[in-house]
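Scope of the values below: all heavy atoms of this structure, side chains included, with no hydrogens, waters or symmetry mates. These figures come from a predicted structure and were not determined experimentally. Just so we're on the same page: letters track the sequence lines, and every chain starts at 1.
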Protein chains: 2
Amino acid sequence: MEETVEGLDRFPHPHLAVDIALLTLHAGALHALLLRRTEAPFAGALSLPGSFVRVREAVDAAAARVLAEKCGLRDVFLEQLFTFGDVKRDPRGRVVSVAHYALVPAARLQAVMTAYDLQLLRIVVPWPLHQGGAVQVVGEDQKAVRLAFDHADILGTTVQRLRGKIDYAPVGFELLPPQFTLLDLLEVHQAVLGRELNKDSFRRRLLSSGLLSATGRQRSGVAYRPAALFRFRATGRGKGKKA
Amino acid sequence: MEETVEGLDRFPHPHLAVDIALLTLHAGALHALLLRRTEAPFAGALSLPGSFVRVREAVDAAAARVLAEKCGLRDVFLEQLFTFGDVKRDPRGRVVSVAHYALVPAARLQAVMTAYDLQLLRIVVPWPLHQGGAVQVVGEDQKAVRLAFDHADILGTTVQRLRGKIDYAPVGFELLPPQFTLLDLLEVHQAVLGRELNKDSFRRRLLSSGLLSATGRQRSGVAYRPAALFRFRATGRGKGKKA
DNA sequence: GCAGCATATATGCTACATGCATGGAAGAGA
DNA sequence: TCTCTTCCATGCATGTAGCATATATGCTGC
């Protein structure tokens with residue numbers, strides 16, 4: 001098989017990249033994983049990890065490679081999000097980006113944060129969050145931080161996708177450690193949806209959903225009645241994770 | 001602004017295309033718009049309309065251009081679907097395709113079917129329709145027709161997207177003429193979802209959704225009690241259509 | 001014109017999910 | 001042992017979907 005399309009290579013065509021919007025839950029709020037750019041354009045600004053797609057590399061493989069190379073992360077939840085194809089989204093020239101989103105429990109990031117020089121910034125969702133709109137990220141001083149390229153749009157689209165998906169797909173578990181309480185899971189849903197949920201309805205719905213399996217263990221170290229620990233139940237066709 | 005990314009142009013990079021999965025409702029069943037290829041690869045086979053993305057053209061603009069140039073259709077519902085990025089999806093070389101899907105009432109296709117040499121084939125959805133799986137299209141002899149490239153996968157993903165979206169987004173109207181009865185709309189939903197729906201619940205849900213506005217007119221020419229004709233109510237922020 | 005017919009439309013009933021309130025259960029600490 | 005706080009179970013009101021039934025309506029054949 002040839003590597004190129006005959007007769008078309010002499011014409012300029014768009015470059016193709018992948019960008020990864022990696023979200024995690026930290027202190028009860030959604031945070032995005034960002035890294036600081038060292039080269040122009042947007043030198044010094046924060047951006048999503050990304051890379052150009054190689055000519056012999058599948059797009060989803062490129063996304064997994066970015067997570068491995070730039071963040072030291074493998075075997076995390078990773079799905080394609082949306083392709084951003086505006087002509088002027090990259091000042092260097094024509095670059096189309098196939099954005100992906102990844103979900104990781106905060107505990108897994110501890111080890112790689114400093115080794116890979118990563119930043120974790122809180123996501124502030126404007127209200128209302130319009131279709132395809134951007135979100136803000138804020139640093140520890142709670143000041144808004146400007147992101148490179150259209151990466152604020154990518155994060156906004158990610159939050160929107162999560163909100164639409166968390167009610168019918170088991171994605172909340174991806175933000176939690178293997179064992180968790182129902183309140184942990186509730187807080188994940190609340191952080192994603194940006195609103196409070198009824199505890200009792202949530203409990204009944206999740207317990208009757210068949211997605212949870214009791215571990216028989218309990219949360220230890222709490223001053224009051226300990227909550228039961230659950231585990232996500234793999235439903236036959238894998239755990240919804242991609243390599 | 002430059003057209004290219006400095007330092008990278010000497011390296012081969014993937015080509016970028018758009019493909020359009022245009023669906024319509026014909027004889028109570030979903031049909032896909034296809035055209036017959038005249039050149040290799042897959043010469044003689046049916047394929048989705050598509051094109052390479054030009055370097056000064058936004059991806060969504062390329063999708064609209066394909067519909068205009070190859071099908072004579074403008075101002076139809078058109079949204080990005082998914083980007084297909086396998087290395088071997090095109091035998092000519094590395095071509096990544098940003099698939100889109102379009103929805104058009106069958107009446108609008110009458111005029112362009114022959115002028116643009118288009119084919120309308122019925123979509124047969126396997127059961128169950130697994131994540132990202134392909135569907136079959138059948139000709140008038142009810143025999144399965146093999147599509148070029150991974151276009152059967154694209155159609156499968158389209159049906160799946162529609163099924164997830166039709167319950168909370170007003171996409172069913174895109175497959176109907178401006179005025180329609182509740183039974184028309186019900187049949188659209190049934191064709192998309194692949195199962196029967198309760199008439200009364202559907203009626204109540206739609207009437208109380210605020211999406212419909214009565215025209216005061218009735219379906220004429222039926223032998224029995226005529227049904228009221230409704231129109232889709234534009235809800236302020238446009239009609240959900242893209243150019 | 002009138003009875004018959006097939007569908008449209010309205011209404012009532014049941015089952016179930018959700019929001020909310022109440023009360024017992026469980027473990028830690030005084 | 002008592003108290004505190006949260007977990008967890010249960011009961012009730014409400015809203016919606018599925019289902020059945022009754023009425024409305026316009027056409028057809030006589």
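Between A:V222 and A:D200, the one whose closest nucleotide on DNA chain C sits nearer the 5' end is A:D200. Between A:A223 and B:L229, the residue whose closest nucleotide on DNA chain C is further toward the 5' end is B:L229.
Atom-to-atom distance recorded for A:L48:CG and A:Y101:OH is 15.0 Å, nearest 0.5 angstrom.
B:Y224 places its OH atom 18 Å from the C1' atom of C:dT9, with the value rounded to the nearest Å. Between A:L197 atom CG and C:dC20 atom P there is a gap of 11 Å when expressed in whole angstrom units. Atom CZ in B:F202 sits roughly 15 Å away from atom P in C:dA10 (whole-Å rounding). Between A:Q218 atom CD and D:dT6 atom P the separation is 17 Å, expressed in whole Å. Nucleotide C:dT7 holds its P atom 14 Å from the CG atom of B:D184, rounded to whole Å. Atom CZ in B:R225 sits about 17 Å away from atom C1' in C:dG4, given to the nearest Å. What separates CG of A:L207 from P of C:dA17 is a distance of 13 Å, to the nearest Å. A straight line from NZ of A:K199 to C1' of C:dT18 spans 17 Å, rounded to a whole angstrom.
Among the protein residues, A:L182 comes within range of no part of the nucleic acid, since none of its heavy atoms lies under 4.0 Å from any strand. At a threshold of 4.0 angstrom between heavy atoms, the contacts of B:R204 include nucleobase atoms, whether or not backbone atoms are also involved.
An OP1 or OP2 oxygen of C:dT18 is reached within less than 4.0 angstrom by a side-chain nitrogen or oxygen of A:R205. One finds a side-chain N or O of B:N198 lying less than 4.0 angstrom from the OP1 or OP2 phosphate oxygen of D:dC19.
Contact check for B:L121 versus B:L147: no side-chain heavy atoms found under the 4.5 Å cut-off. Side-chain contact between B:Q80 and B:D60: absent, with no pair of heavy atoms (C-beta onward) separated by less than 4.5 Å.
B:R122 and B:Q142 are linked by a side-chain donor-acceptor pair at a separation below 3.5 angstrom, with hydrogens and angles left out of the test.
Nearest to the side chain of B:R203, among C:dT7, C:dA8, D:dC8, sits C:dA8.
Around the CD atom of B:E196, the shell of radius 6.0 Å holds no more than 12 heavy atoms that belong to other residues, nucleotides or ligands.
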